[in-house]
Chemist: 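The structure that follows is given in the form of C-alpha cells.
Atoms considered below: every heavy atom in the structure, side chains included; atoms not considered: hydrogens, waters and symmetry mates.
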Amino acid sequence: MNARPKKSFGQHFLHEKRYIERIVSAISPRNDDFVVEIGPGEGALTLPLLAAAHRLTAIELDTDLIPGLQARATSVGELSIIHSDVLKVNFTALAHRHGVEKLRIAGNLPYYISSPILFHCVEHASAIQDMHFMLQKEVVDRMAAEPGSKVYGRLSVMLQLVCRVEPLFTVPPGAFRPPPKVDSAVVRMVPLAADQLPDADPERIHAIVKAAFAQRRKTLGNALKNVMDATAILAADVDPKARAETLSPQDYVRLARVVVE
C-alpha cells in the first residue's frame, strides 16, 4: 500500500524505475560501503541501494513510513533507521560509532530545506566519501554555477570551496508522486582532500561571502564596508569596485586571509 505524501514534510516520492536505476548506477554502491540515505520515503532508492551495499542507514522524520520500510527491507539486507530530523544527525559521530572512515550519503532532499541540509552535510565533509542528492534543478544550477553567472552566489562559493560539484542529469516532475511543479536534478558532491581546502578561517570566509552577496548589486567596497575596507580588499589583490558575482571562490579565500586591524 502506497503512503500518502505529506505536504508538511515536502514529500514527493520517486517512482519511475528508469530514474531510480540511473541514480543507483551513478552512486554505484559496493558491498563494503556504509551508505546513509536521507529521507528514504517509501524506499524506492533504499531497497536497490541496500541490495548492493548489504547494509544501509536511513534517516527518516516521518514515523508513519518507518514500519513499511523495515518490512520491505527484511529480505534485502541490514537496514538501520534513525528517526530524526537530519539536521540533528552528527555524521562524523555516526561514522565513528560504526567504525567506518567515510560515509556515502544519498537522498531525495525536500525542496524547502535543501540548502540547510547541504550546509549541514559539508560541515562533516571529512567523514564523507561522496554525496548524491536529488534537488530542485534550480538549486543544482546554483550549486555548480561559475563566476559571472546570474545564479552564482553564496551557495555556489561555499559548496565549491569544500566539494567538487558535478550535476549529473535532470529528472522530470512525472517521475514523482505527486509531481512537483519544477524539474529536479541529481548532483554528485565529492569532498576535497584536506590539502585542497581553503587555508583561511571558515567563519571568516562565510562572513565575507554572506556580506558580499547580501548586496550583490553593490561594489565590494560598499557591500563589505562593515567587514573590511577598500585597502584590505586591495591587499587581497581584489578590485573594491568589483561585484560579488565576478569573484572566484579562491578570491574569497584571499579576502579572508587579509588581517584587518
Side-chain angles (χ1 to χ4, degrees), residues 14 19-41 43-60 77-82 86-87 89-111 113-137 139-146 155-171 184-198 202 249:
L14 182 66
Y19 287 106
I20 294 169
E21 289 174 347
R22 285 187 74 181
I23 294 169
V24 174
S25 177
I27 298 170
S28 191
R30 297 177 301 274
N31 121 26
D32 57 344
D33 288 339
F34 193 94
V35 181
V36 178
E37 185 184 7
I38 298 170
L45 282 176
T46 313
L47 300 183
L49 288 174
L50 182 59
H54 302 302
R55 62 173 176 170
L56 184 144
T57 294
I59 302 167
E60 181 55 66
E78 181 187 336
L79 176 65
S80 173
I81 300 178
I82 299 173
V86 64
L87 299 180
V89 175
N90 184 322
F91 289 111
T92 305
L94 180 65
H96 290 164
R97 190 159 64 246
H98 288 275
V100 296
E101 186 179 348
K102 302 278 185 180
L103 307 173
R104 302 194 69 195
I105 300 183
N108 174 17
L109 303 187
Y111 293 162
I113 198 175
S114 58
S115 290
I117 293 175
L118 291 171
F119 282 122
H120 177 65
C121 288
V122 298
E123 284 178 10
H124 297 276
S126 62
I128 297 171
Q129 177 181 321
D130 57 21
M131 297 165 263
H132 291 80
F133 293 134
M134 183 146 53
L135 302 144
Q136 187 173 342
K137 183 178 182 298
V139 175
V140 173
D141 289 343
R142 286 166 47 209
M143 291 166 64
E146 296 183 355
L155 188 68
S156 323
V157 174
M158 297 307 298
L159 293 185
Q160 290 174 32
L161 282 175
V162 291
C163 291
R164 175 168 58 80
V165 180
E166 181 186 355
L168 298 179
F169 53 88
T170 302
V171 182
S184 302
V186 176
V187 63
R188 175 183 292 130
M189 300 168 62
V190 181
L192 300 177
D195 61 358
Q196 296 177 299
L197 293 174

Chemist: List the steps and the verdict of side chain to side chain contact (heavy atoms under 4.5 Å, CB included) for Asn108 and Ser184.
Modeler: CA-CA 10 Å; Asn108 174 17; Ser184 302; 5.9 Å; no
Chemist: Name all pairs fulfilling the salt bridge (Lys or Arg N to Asp or Glu O under 4.0 Å) condition that reach into residues 119-134, sequence neighbours left out, sorted by first residue then second.
Modeler: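 Listed once each, the pairs are Arg104-Asp130.
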Chemist: Kindly state each residue pair satisfying salt bridge (Lys or Arg N to Asp or Glu O under 4.0 Å) with at least one member in residues 157-169, sequence neighbours excluded.
Modeler: Arg164-Glu166, Glu166-Arg188
Chemist: Residues in side chain to side chain contact (heavy atoms under 4.5 Å, CB included) with Ala194, at least two apart?
Modeler: none
Chemist: Under the side-chain hydrogen bond (donor to acceptor under 3.5 Å, both in side chains) rule, collect the residues that match up with Thr46, sequence neighbours excluded.
Modeler: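 side-chain hydrogen bond (donor to acceptor under 3.5 Å, both in side chains) list for Thr46, sorted by chain: Glu37.
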Chemist: Roughly how far, to the nearest 0.5 Å, is CG of Leu56 from CG of Leu49?
Modeler: 6.0 Å
Chemist: Tell me, please, which residues at least two apart from Arg142 pass salt bridge (Lys or Arg N to Asp or Glu O under 4.0 Å).
Modeler: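 If we apply the salt bridge (Lys or Arg N to Asp or Glu O under 4.0 Å) test to Arg142, skipping adjacent residues, there are no hits.
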Chemist: Just so I know, are the side chains of Leu103 and His124 near enough to count as touching, which here means a heavy-atom distance under 4.5 Å?
Modeler: no
Chemist: Quick check: do Leu109 and Val86 have side-chain heavy atoms less than 4.5 Å from each other?
Modeler: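 The answer is no; the side chains never approach within 4.5 Å.
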Chemist: For the residue pair Leu135 and Met143, establish whether any side-chain heavy-atom pair is separated by less than 4.5 Å.
Modeler: yes
Chemist: Could you pull out all residues at least two apart from His96 that satisfy ring pair (Phe, Tyr, Trp, His ring centres under 6.0 Å)?
Modeler: none
Chemist: Which heavy-atom pair separates Pro40 from Glu60 by the least distance, and what is that distance?
Modeler: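 Minimum heavy-atom contact is CD-OE1, 3.2 Å.
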Chemist: Show, in sequence, the C-alpha distance, side-chain angles and deciding distance for Arg22 and Val186, and conclude whether the side chain to side chain contact (heavy atoms under 4.5 Å, CB included) test is met.
Modeler: CA-CA 10 Å; Arg22 285 187 74 181; Val186 176; over 6 Å; no
Chemist: Please work out whether the ring planes of His120 and Phe91 are parallel, tilted or perpendicular, with thresholds of 30° and 60°.
Modeler: tilted
Chemist: How about Arg55 and Ser80: do any of their side-chain heavy atoms sit closer than 4.5 Å?
Modeler: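 Heavy-atom side-chain distance check fails, nothing below 4.5 Å.
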Chemist: Take Asn90 and Leu94 through the side chain to side chain contact (heavy atoms under 4.5 Å, CB included) test and state the conclusion after the steps.
Modeler: CA-CA 6 Å; Asn90 184 322; Leu94 180 65; over 6 Å; no
Chemist: Which residues pass the side-chain hydrogen bond (donor to acceptor under 3.5 Å, both in side chains) test with Ser126, sequence neighbours left out?
Modeler: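 If we apply the side-chain hydrogen bond (donor to acceptor under 3.5 Å, both in side chains) test to Ser126, skipping adjacent residues, there are no hits.
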Chemist: Mind checking what makes side chain to side chain contact (heavy atoms under 4.5 Å, CB included) contact with Glu101, not counting sequence neighbours?
Modeler: none
Chemist: I want to check something: taking the side chain as every heavy atom from C-beta on, are Phe133 and Ser114 in contact at a cut-off of under 4.5 Å?
Modeler: no
Chemist: Taking side chain to side chain contact (heavy atoms under 4.5 Å, CB included) as the definition, give me every residue that meets it alongside Ile113, ordered by chain and number, with sequence neighbours left out.
Modeler: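 Listed in chain order: Leu87, Pro110, Pro116, Ile117.
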Chemist: To the nearest 0.5 Å, what is the distance between CD1 (Ile128) and SG (Cys163)?
Modeler: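 The CD1 atom of Ile128 sits 7.5 Å away from the SG atom of Cys163.
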Chemist: Can you tell me how far apart CG (Leu168) and CD1 (Ile27) are? Round to the nearest 0.5 Å.
Modeler: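 The distance works out to 9.5 Å.
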Chemist: Report the residues that fulfil ring pair (Phe, Tyr, Trp, His ring centres under 6.0 Å) with Tyr19, sequence neighbours left out, ordered by chain and then residue number.
Modeler: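 Ring pair (Phe, Tyr, Trp, His ring centres under 6.0 Å) list for Tyr19, sorted by chain: empty.
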Chemist: In the structure I gave you, are the side-chain heavy atoms of Leu14 and Ile23 within less than 4.5 Å of one another anywhere?
Modeler: yes
Chemist: Tell me every residue that passes side chain to side chain contact (heavy atoms under 4.5 Å, CB included) with Gln136, counting only those two or more places apart in sequence or in another chain.
Modeler: Tyr111, Glu138, Val139, Val182
Chemist: Once rounded to the nearest 0.5 Å, what's the spacing between atom NE2 of His132 and atom CD1 of Ile105?
Modeler: 12.0 Å
Chemist: Would you please name every residue forming a side-chain hydrogen bond (donor to acceptor under 3.5 Å, both in side chains) with Arg30, sequence neighbours left out?
Modeler: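 Applying side-chain hydrogen bond (donor to acceptor under 3.5 Å, both in side chains) to Arg30 gives Asp33.
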Chemist: Determine whether Val122 and Met158 make a side-chain contact, defined as any pair of heavy atoms from C-beta on separated by less than 4.5 Å.
Modeler: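 No, too far: nothing below the 4.5 Å cut-off.
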Chemist: Should Lys102 and Pro191 count as side-chain neighbours, where that means a heavy-atom distance under 4.5 Å?
Modeler: no
